[in-house]
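One structure is given here, and the rest of the page talks about it.
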Amino acid sequence: MSDHHADHDHAHHGSELSPIEARVRALESLLTEKGYVDPASLDALVELYETKVGPHAGARVVARAWLDPAFRARLLADATPAIAELDIGGRGGEHMVVVENTPETHNLVVCTLCSCYPWPVLGLPPVWYKAPPYRARAVIDPRGVLAEFGVTLPETTGITVWDSTAETRYMVLPMRPAGTEGFSEEALAALVTRDSMIGTGLPKALPVEPVEMPV
Amino acid sequence: MNGAQDLGGAHGFGPVVPEPDEPVFHADWERRVFAMALAMGYTGAWNLDGSRAARESLPPAEYLASSYYEIWLKALEKQVAATGLATPAEMESGRAAEPAKPVVRTLARDGLEDRFRAGFPSSRATDAPARFALGDTVVARNIHPTTHTRLPRYVRGKRGRIVRIDGAFVFPDTNAYQAGENPVWLYTVAFTAQELWGESGDPGGTVTVAAFEPYLEPA
């Protein structure tokens, strides 16, 4: 695969470039020569979205909401300023909506038309989120999709699917796992997975402590 | 447009296949395409709605056969050519044959992170009153524009309820073509799964879309 070769050092020179690598390189050279882009800015964008922006930010928001009822209320009422309290925000998250899972309602986020996703809290979307199977089926067969992610909900839990068709961006506030009383914000955040904030997963289960049974 | 991008409810694409420990990018060229698309968008030669319109107007077979960043690349090349920033021959050779065209701005390295962490809001002020109120029942219009729209086919003609008034926003259907931001009210509309999918809809299931006011009419 081309992405395998791309990771090799390029001691073999340009002749080893795949067609798409050559095409992208030509485009970057041209746009740079014309002064439309600066390669240093491109590097900075890649660094920002590959190494700095990611689901650890969303996990902080969720953990704070689990610990602080006043923050949770602000988050659910008007998410963008509440998230900004944690110095989180930016492109793809200008108009945030946070939806809360309850025993009655499970929320699932999709973008059937393209790949809209709340970048500042979750980072860039995974391939499956952008690919046709998820975009096609999340709205018509959410229970089937959840089953493929290993999530089975009670029949009595209704599913609300949020199709991101405008610039509003959705993040799920999952239910706080039982047995986490007294956990610090950091310990809670470690339980929050990316998928639990999309709605295709649940927070990590607590490790089960071995219990010594009396003989 | 009723293009290949409008996937909601389609059958036959198979299971969702998550990749364990997925990297953010799968090849270096993807990094460059991602960054070039953002940086070229920043020049003001087009806007995000225009980029979506360019991506979804790929021929359906090609759209579905292309990877995500291949779609971005093809759309970017199309936009560069359409705006006259460079010719297809220049893109082929990677060398400028004609002088650059002026752009509104370019993305400088300094302050880049702050700009992207501040974001680019698309909410706008409007003097127009909102036509619909919370709780109103509405019907998504049965429209089929051949141009860019954000009303997915699977809700057209269906009856839903206004569950949130999101404010006034740039209207993608005109903004995509540099034909004006035309701010309009945006609503979150909830449809029952059975309204959308008949008997096969999950009982108790709901699907919401964010719908611009021109997409809706009173029930």
Side-chain angles (χ1 to χ4, degrees), chain A residues 2-3 6 20-21 23-31 33-38 40-42 44-46 48-50 89-91 93-95 112-115 123-124 126-128 130-137 139-140 142-143 145 148-149 158-168, chain B residues 5-10 13-19 22 24-29 31-33 35-36 38-40 43 52 64 68 73 85-86 90-91 94 96 100 103 106-109 112-113 116-123 150 152 154 166 169 186 197 202 204-210:
Chain A
S2 58
D3 50 330
I20 196 153
E21 287 168 335
R23 184 169 162 183
V24 171
R25 187 165 291 189
L27 184 62
E28 183 175 338
S29 300
L30 175 66
L31 299 180
E33 185 184 350
K34 291 214 175 206
Y36 303 139
V37 302
D38 172 1
S41 297
L42 304 184
L45 281 169
V46 169
L48 176 62
Y49 287 102
E50 188 164 26
R91 183 186 161 117
E94 294 92 344
H95 309 287
T112 61
L113 295 175
C114 50
S115 56
L124 299 183
V127 167
W128 61 260
K130 304 179 287 194
Y134 183 72
R135 287 163 55 189
R137 288 177 50 225
V139 289
I140 193 173
R143 249 175 241 276
V145 168
E148 281 161 21
F149 280 90
I159 300 174
T160 297
V161 182
W162 300 82
D163 192 355
S164 316
T165 51
E167 296 306 327
T168 33
Chain B
Q5 88 290 352
D6 189 358
L7 283 162
F13 286 105
V16 181
V17 184
E19 177 185 345
E22 181 177 335
V24 177
F25 298 102
H26 290 76
D28 196 50
W29 69 264
R31 293 183 178 90
R32 305 318 284 179
V33 169
M36 280 193 279
L38 263 58
M40 289 305 293
T43 65
R52 292 193 182 117
L64 291 171
Y68 183 74
L73 172 63
L85 293 181
E90 288 177 309
M91 287 187 268
V103 290
T106 55
L107 183 60
R109 170 70 187 84
L112 177 148
E113 186 166 336
F116 278 76
R117 288 193 186 277
F120 307 90
S122 48
S123 52
R150 296 293 290 179
Y154 73 89
D166 291 284
F169 283 81
L186 178 71
W197 314 113
D202 197 17
T206 301
V207 179
T208 77
V209 303

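Just so it is clear, the model here is predicted, and its values are computed rather than measured. A note on names: the letters A, B, ... follow the listed sequences, proteins ahead of strands, and every chain is numbered from 1.
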If you look at every heavy atom in [X] and [Y], which pair is closest and at what distance?
X      : Y      : answer
A/T112 : B/P152 : OG1-CB, 4.3 Å
B/P18  : A/W128 : CA-CD1, 3.5 Å
A/Y36  : B/A100 : OH-CA, 3.5 Å
A/E28  : B/M36  : CA-SD, 3.6 Å
B/A10  : A/A136 : O-CB, 3.3 Å
B/G8   : A/V139 : CA-CG2, 3.7 Å

Interface moiety of [X] toward chain A, non-hydrogen atoms closer than 4.5 Å:
X      : answer
B/R117 : both
B/A86  : both
B/D202 : side chain
B/A118 : backbone
B/V103 : side chain

Please determine, among B/E19, B/R109, B/M40, the option with the most heavy-atom pairs under 4.5 Å with chain A.
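Of B/E19, B/R109, B/M40, B/R109 has the most heavy-atom pairs under 4.5 Å with chain A.
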Can you tell me which of B/L85, B/D166, B/L186, B/L38 forms the most heavy-atom pairs within a distance under 4.5 Å of chain A?
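The answer is B/L85.
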Answer with side chain, backbone, both or neither: which region of [X] has an atom nearer than 4.5 Å to a non-hydrogen atom of chain B?
X      : value
A/R143 : side chain
A/Y49  : both
A/L27  : both
A/A131 : neither
A/I159 : both

Ignoring hydrogens and angles, tell me if any N or O in the side chain of [X] forms a donor-acceptor pair with the backbone of [Y] under 3.5 Å.
X      : Y      : result
A/E33  : B/A96  : yes
A/H95  : B/P121 : no
B/R150 : A/T165 : yes
A/W162 : B/A210 : no
A/S41  : B/L107 : yes
B/Q5   : A/L113 : no
A/E167 : B/S123 : no

Test item: [X] and [Y] side chains (from C-beta on) under 4.5 Å apart, heavy atoms:
X      : Y      : answer
B/Y154 : A/I140 : no
A/E50  : B/F25  : yes
A/K34  : B/E90  : yes
A/T160 : B/T208 : yes
A/Y134 : B/L7   : no
A/V24  : B/L73  : yes

Could you please spell out the steps behind the side chain to side chain contact (heavy atoms under 4.5 Å, CB included) verdict for B/M91 and A/R23?
CA-CA 8 Å; B/M91 287 187 268; A/R23 184 169 162 183; over 6 Å; no
Determine, stepwise, if the pair A/V161 / B/T206 fulfils side chain to side chain contact (heavy atoms under 4.5 Å, CB included).
CA-CA 6 Å; A/V161 182; B/T206 301; over 6 Å; no
Of all of A/P133, A/G158, A/G93, which one pairs up most often with chain B through heavy atoms under 4.5 Å apart?
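Between A/P133, A/G158, A/G93, the count favours A/P133.
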Against chain B, work out which of A/A44, A/S115, A/P132 has the most heavy-atom pairs shorter than 4.5 Å and name it.
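Ranked by heavy-atom pairs under 4.5 Å with chain B, first place is A/P132.
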Rounded to the nearest 0.5 Å, what separation is found between the CG atom of B/L112 and the CG atom of A/D38?
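B/L112 atom CG to A/D38 atom CG measures 9.5 Å (nearest 0.5 Å).
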Residues two or more places apart in sequence or in another chain: which of them pass ring-ring contact (aromatic ring centres under 6.0 Å, His included) with B/F116?
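Per chain and number, B/F116 pairs via ring-ring contact (aromatic ring centres under 6.0 Å, His included) with B/F120.
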Go through it in stages, so that I can follow the logic: the residues are A/V127 and B/H26, the test is side chain to side chain contact (heavy atoms under 4.5 Å, CB included), and I'd like the CA-CA distance, side-chain angles, deciding distance and then a yes or no.
CA-CA 10 Å; A/V127 167; B/H26 290 76; 3.6 Å; yes
